[in-house]
Amino acid sequence: MNLFVRDKLFYRMLVSFALPIALQQLITVGVNMADNMMLGQLGEAPMSGATLANNFITIFQIMCMGLGMGASVLVSRFFGMNDRLSMKKSVNIMFRMLFITATFFSIITFLMPAGIMGLFTSEEEVIRQGTGYLLISIPCYYLNGYAVTSSLMLRSVGKAHVPLVASCCSFFLNIFCNWVFIFGKLGAPAMGVNGAALGTLIARVVEFTIIFGFLLFRDTNIGLRVSDLTLPVSDLLPEYIRISIPVLVSDTLLGLGNSAVAVVMGHIGASFVAANSITTVVMSLATVVIQGISQASCTITGITLGKGEVQKAQQQGITFAALGFIIGGFGCLLILVISDLVVGAYKIEPKTAALAKDLMTAVALVIWFQAANSILTKGTLRGGGDTKFLMVADIIFLWICSIPLGALTGLVLKWPGFWVYIMLRIDQFIKCIVCIVRLRSGKWIKKIDNKIDNKAKLKEA
C-alpha cells in the first residue's frame with residue numbers, strides 16, 4: 001500500500017471534518033489560556049487551585065468524551081449504512097448514561113469539595129481556592145456533558161460547524177465574564193477564582209442551548225426529536241455495550257490516570273503544578289490540529305467501513321498515521337519557538353519560570369509521538385471498532401508504566417522536572433509503536449451489527 005491516499009476527495013473530506021473541530025479546540029484552548037493568564041495575575045495559589053479543581057472536572061469531561069466517542073463509532077457506521085433508527089437509539093443510550101454520570105459527579109462534588117481538592121494537594125490555601133471553584137461548577141456537569149456529547153454526534157454526521165459556532169459564542173462570553181467577575185469590573189464584586197467558575201458557567205449555558213437545541217430541533221442527518229427521547233433501546237444495547245463501554249472505560253481510566261499524574265505533581269509542590277498548568281495550555285494549543293484529525297479520522301473510518309470498503313479504510317489508516325508524525329513534528333517546533341514568550345507572560349517566581357521552560361522542552365518531545373498515537377487510538381483504530389484492544393493498551397501503559405515511573409522519579413528519586421515529565425508521559429511513546437503494529441496487522445477492523453427489528457426500520461423509513 002502507498003503511504004498516502006491518492007484520492008483528492010479523501011483530503012477534501014478530511015479538511016471538511018477536521019477544520020471545524022480543530023478551530024473549536026483552538027477556541028477552547030484560548031478560553032483556558034485566558035483563564036490561566038487572568039488567574040496568574042492573582043498569584044500561584046489561585047491559579048493552582050483552579051487548575052487542580054479542573055483536574056477533577058476533567059475526569060467527568062473525559063467520561064463524557066468516552067460516552068460520546070463510543071456512541072460516535074456506532075453513529076458514523078450507521079450513517080454510512082443510512083440507518084437512521086439505529087443512530088437515534090445510539091444517541092438515546094448515550095444520553096441516559098450521561099445523566100446518571102452527571103448526577104453522580106454533582107452529588108460527590110456537593111458533599112465533599114474540600115476532600116476532592118485534598119486528593120490533589122496538601123496546601124490549605126490551594127484547597128480553599130479550589131473548593132469554591134468546584135461548588136460553582138456543579139451545574140456544568142449537565143450543561144457541558146450534554147453539549148460535549150451532542151457535539152460529537154453532530155460531528156459524526158458532518159455537522160461540525162454547529163459546535164464551532166457555539167464555541168465562538170461561548171469563547172467571547174467566557175472571556176468577558178471572567179474579566180468582569182475575576183477582577184470586579186463594571187460594578188461586579190471581585191470574586192477571584194470563584195469569578196472564573198461563574199464566567200465559565202454562564203458560557204456553558206449558552207453553549208448548551210445552541211448545540212443541544214440544534215440537535216433536537218434542526219438537525220436532519222440523525223433526525224432526533226424530543227419525542228424520540230423515549231425510544232426503547234434494548235435491542236441495540238448489547239452492541240452499544242460491546243463497542244462503546246470499552247471506550248468509556250478506556251477514557252475514564254485515562255482521566256483517572258491524568259488525575260493521578262496531577263496528584264504526583266501536586267505533591268511535588270505548587271511550583272511544579274503552576275509550571276505544568278502553563279505547559280498544559282501550550283500543549284493543548286499545539287495539538288488542536290491533531291485533535292481535529294483524530295476525531296475526523298474516527299468518523300471517516302466509520303463511514304468508510306459502514307459502506308463495506310475495508311481495503312480503502314486500511315489505506316486511509318496508514319495515511320492518517322503518516323499525517324500524525326508530520327503534524328507532530330510541526331507541533332514540536334511550535335512549542336520550542338513560543339515557550340519563552342508564553343512563560344514570560346505569567347507573573348510567577350523565577351524558580352517556577354525555569355521549571356516551566358524545562359517542562360516545555362519535554363512537552364515538545366512528547367508531542368511528536370503523541371500526535372500519531374492520538375490519531376490512531378482516538379481516531380482510526382477506534383473508528384474501526386477495535387475498542388477492547390485500545391482499552392487494554394490504555395490500562396497497561398498508563399497505569400503500569402507512566403504513573404509508577406512518574407511517582408518514583410518525582411517523589412522518591414527527585415529527578416529534574418524534564419525527566420519527571422518524560423516518565424509521566426512515557427505511555428505516549430510506547431503506545432505509538434504498539435498501535436502502528438496493530439494498524440499494519442489489519443486486526444483493528446471489527447464488524448458492527450445493527451440488530452434492530454425490520455418492522456421498526458420500515459416504520460422509521
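Predicted, not measured: the structure shown is a model, and the values here were computed from it.
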Q: Using the side chain to side chain contact (heavy atoms under 4.5 Å, CB included) rule, take T58 and Q61 through it: C-alpha gap first, then chi angles, then the decisive distance, then the call.
A: CA-CA 5 Å; T58 298; Q61 292 174 333; 3.9 Å; yes

Short side-chain to backbone donor-acceptor contact, [X] and [Y], under 3.5 Å:
X    : Y    : value
S76  : V73  : yes
T387 : I243 : yes
W444 : G385 : no
S16  : M13  : yes
D228 : R225 : yes
R155 : A18  : no
S170 : S167 : no
W399 : L253 : yes

Spatial distance of atom [atom1] ([X]) from atom [atom2] ([Y]) [nearest 0.5 Å]:
X    : Y    : atom1 : atom2 : answer
K414 : I268 : NZ    : CD1   : 7.5 Å
Q370 : T377 : CD    : OG1   : 9.0 Å
C332 : L336 : SG    : CG    : 5.0 Å
I430 : L398 : CD1   : CG    : 10.5 Å
L134 : I127 : CG    : CD1   : 11.5 Å
L413 : L405 : CG    : CG    : 10.0 Å

Min side-chain heavy-atom separation [X]-[Y] under 4.5 Å:
X    : Y    : answer
M153 : M94  : yes
M97  : S244 : no
V206 : I210 : yes
L98  : Y142 : no
L164 : L19  : no
L390 : K431 : no
T301 : F320 : yes
F56  : I108 : yes

Q. Between L201, V148, T200, which is the residue that forms a side-chain contact (heavy atoms from CB on, under 4.5 Å) with L143?
A.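 Of all the options given, the one that passes is L201.
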
Donor-acceptor pairs are to be reported for all side-chain atoms of residues 175-199 against protein atoms at under 3.5 Å, with residues two or more places apart or in another chain.
| residue | atom | partner | partner atom | Å |
| --- | --- | --- | --- | --- |
| N178 | ND2 | D35 | OD1 | 2.1 |
| N178 | ND2 | N174 | OD1 | 3.2 |
| N194 | OD1 | Y133 | N | 3.4 |

Please report the shortest heavy-atom distance between [X] and [Y], naming the atom on each side.
X    : Y    : result
G317 : L376 : O-CD2, 4.4 Å
R77  : G383 : NH2-O, 3.4 Å
A203 : L173 : CA-CD2, 4.0 Å
F17  : P20  : O-CD, 3.6 Å
V75  : S156 : CG1-OG, 3.3 Å
T103 : F99  : OG1-O, 2.8 Å

Q: Take L152 and M69, measure what side chain to side chain contact (heavy atoms under 4.5 Å, CB included) needs, and give me the verdict at the end.
A: CA-CA 7 Å; L152 291 168; M69 289 301 294; 3.6 Å; yes

Q: Report the C-alpha distance between I290 and I367 in whole Å, list the side-chain angles of each, state the deciding distance to 0.1 Å, and finish with yes or no for side chain to side chain contact (heavy atoms under 4.5 Å, CB included).
A: CA-CA 10 Å; I290 297 169; I367 199 175; 4.3 Å; yes

(Q) Applying side chain to side chain donor-acceptor pair (under 3.5 Å) as the test, list every pair that has at least one member in residues 105-126; sequence neighbours left out. (A)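 Output for this query lists T109-Y141, E125-R128, E125-Q129.
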
Q.
Counting neighbours of CZ on F104 that are heavy atoms of other residues, nucleotides or ligands and sit closer than 6.0 Å, is the number greater than 12?
A.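 Check fails, neighbour count at 12 or below.
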
Q | Test side chain to side chain contact (heavy atoms under 4.5 Å, CB included) applied to V342 and M360, step by step | A | CA-CA 10 Å; V342 171; M360 288 282 195; 4.2 Å; yes

Q) Between F208 and Y146, how do the two ring planes meet: parallel, tilted or perpendicular, split at 30° and 60°? A)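 Ring orientation, 0 to 90° scale: perpendicular.
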
Identify all side-chain donor-acceptor contacts of residues 415-427 below 3.5 Å with residues at least two apart in sequence or on another chain.
| residue | atom | partner | partner atom | Å |
| --- | --- | --- | --- | --- |
| R425 | NH1 | N258 | OD1 | 3.4 |
| D427 | OD1 | S402 | OG | 2.8 |

